[in-house]
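Before any comments, here is the structure.
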Amino acid sequence: MADFKQTPSQTVGPYFAYGLTAKQYGYPQTSIAEGVLAGDDTEGERITLIGRVLDGEGKPIPDAMVEIWQADAQGRYAHTADPRGSNSTFVGFGRLGTGTDPQNRFLFQTVKPGAVGDGQAPHITLILFMRGLLTHLYTRVYFSDEADANAADPVLAAVSEDRRDTLVAAREDGAQGVVYRIDIHMQGPCETVFFDA
Amino acid sequence: MPSRESSATGYTRRDWGSHPPLIHPDYKSTVLRGPTKPLVPLPAGLTEMTGPVYGHEALAPHDADLTRNGARNGEPVGERIIITGRVLDERGRAVPNALIEIWQANAAGRYVHAADQHAAPLDPNFFGGGRCVTDQDGRYRFYTIKPGAYPWPNHFNAWRPNHIHLSLFGTGFLSRLVTQLYFPGDPLLDLDPIFLGTPAAARERLIARFSIDATEEGFALGYEFDIVLRGPLSTPMEG
């Protein structure tokens, strides 16, 4: 086992856009994933997840890449390790750079995931890559209207109480539908909780 | 309904002796972008052990041949190379159906990316992005052009060594890896704060090996580069 050690991570750098998010940035190559996860026939409550990635001076980062992975509305993952399997139209993976929105936001159009069934509250997992980040970071997005489930969630319980809010997206029910907002703070008093996952 | 835990037997941990730290001041952008508080341990559950699955159907015909996928009216300029190797887990087992996406500068050290203003020429016949999926033995193969070195603003006279960026999806979301492949004998490696941010014992794993066996007679030099990803402690098939 010791002979096969993990290949080291390196930064995604400033020039990932045409390789990993080509369609979003208007380069002539297809993309494996984008900001729209839910199709017309996907079951579940439509939501938009909106946020920014802020550096140690509180400035929005314009060259971060955010990937999200989530269960479908019934809490099932589209993967063989989930014995229930997802409904066939929903993959649950999205990827966006923060460089095409004027405010450097990411906007994912998806469905609200259901609880997976292992005692955890509904959540989306998120990976962050950017220039200046040598090893990618894992964090999670929970939902502000799931207070009871969040209170019972074992992952949130392992986070000190004063930092749990950094993982909870705020729900807004407006004319454009359901929006959840969450900013990712790399540093500072509101530094987001990142996981050694 | 089967137990949700039946196949969730855990995952190898991130080996911090292999990966760069989150703040490495010689690489200046890390200072305001790396988190300052300790990471919170998270046991792997279904969320982490699953992940998107992309098969060969996700590929277009020339996706793995960067000498052709950006060609407009001729061949790209530069030294043709082959990058090949296997994607493995930490027990040395092949990882089939791993998606590898790559992007790189052209032979002159210039990226297609609109933000790259380095005064070196773009190549109308080279795009610099591609992808492939590993076969049943975990093997992959790209044809491309050897990327050039280029300057960057980290410090006076800073130049990135020749490198190719790679992004990989393995078995689950915890297998995710973004890394860079370097070339043997590059004098810029010992001056590069990104490469040197990697723990010393792990740096050699980022350098491809020249291989005469992987070289194609009369056509392109071959380099081998194996990649080791995190994986489940035991697979569902092993029960």
Would you mind checking if B/Arg160 and B/Asp186 are paired as a salt bridge, meaning a charged N to carboxylate O distance below 4.0 Å? no
Report the option among B/Val53, B/Leu166, B/Asp226, B/Val112 that has the most heavy-atom pairs separated by less than 4.5 Å from atoms of chain A. B/Val112
Any salt bridge between A/Lys5 and B/Glu204, counting N to O under 4.0 Å? no
Please rank A/Ile32, A/Thr30, A/Val12 by heavy-atom pairs under 4.5 Å with chain B and give me the top one. A/Ile32
Rounded to the nearest 0.5 Å, how far does CD1 of B/Ile100 lie from CG of B/Asp63? 12.5 Å
Considering only heavy atoms, which portion of A/Ile184 lies under 4.5 Å from any heavy atom of chain B: side chain, backbone, both, or neither? neither
In this structure, is the centre-to-centre distance between the rings of A/Phe16 and A/Phe129 below 6.0 Å? no
Determine whether the side chains of B/Arg13 and B/Tyr11 contain a donor N or O and an acceptor N or O closer than 3.5 Å. no
Tell me, out of A/Tyr138, A/Trp69, A/Phe194, who's got the most heavy-atom pairs with chain B below 4.5 Å. A/Trp69
Find the one option among A/Gln29, A/Glu57, A/Lys59, A/Arg131 whose heavy-atom pairs under 4.5 Å with chain B are most numerous. A/Arg131
Against chain B, work out which of A/Asp63, A/Leu54, A/Thr192 has the most heavy-atom pairs shorter than 4.5 Å and name it. A/Asp63
Ranked by heavy-atom pairs below 4.5 Å to chain A, first place among B/Gly128, B/Pro38, B/Pro35, B/Ser29 goes to B/Pro35
Do you know which of A/Arg95, A/Met130, A/Gln120, A/His123 has the most heavy-atom pairs with chain B at a distance under 4.5 angstrom? A/Arg95
Name the option with the most non-hydrogen atom pairs under 4.5 Å to chain A; the candidates are B/Thr47, B/Ile227, B/Leu99. B/Thr47
Among B/His165, B/His24, B/Glu101, B/Arg203, single out the residue with the greatest number of heavy-atom pairs under 4.5 Å to chain A. B/Glu101
Lys/Arg cation over aromatic A/Phe143: A/Arg171, 6.0 Å, 45° cone: no
In terms of heavy-atom pairs under 4.5 Å with chain A, the winner among B/Leu22, B/Leu88, B/Asp116 is B/Asp116
Between B/Asp192 and B/Trp159, is there a side-chain donor-acceptor contact under 3.5 Å, judged purely by atom types and distance? no
Could you look at A/Ala71 and say if it's the side chain, the backbone, both or neither that has a heavy atom under 4.5 Å from chain B? neither
Would you call A/Arg52 and A/Asp183 a salt bridge, taking side-chain N to carboxylate O under 4.0 Å as the test? yes
Could you grab the distance from atom SG of B/Cys132 to atom CD1 of B/Ile102, nearest 0.5 Å is fine? 7.5 Å
Greatest number of non-hydrogen atom pairs under 4.5 angstrom with chain B, of A/Thr125, A/Ile124, A/Leu128, falls to A/Thr125
Side chain from CB out, backbone as N, CA, C, O: work out which of these in A/His185 comes under 4.5 Å of a heavy atom of chain B, or both, or neither. neither
With chain A, the option among B/His163, B/Glu48, B/Arg205 that has the most non-hydrogen atom pairs under 4.5 Å is B/Arg205
Should A/Arg164 and A/Asp153 count as an ion pair when the cut-off is N to O under 4.0 Å? no
Portion of A/Val193 that has a non-hydrogen atom of chain B nearer than 4.5 angstrom: side chain
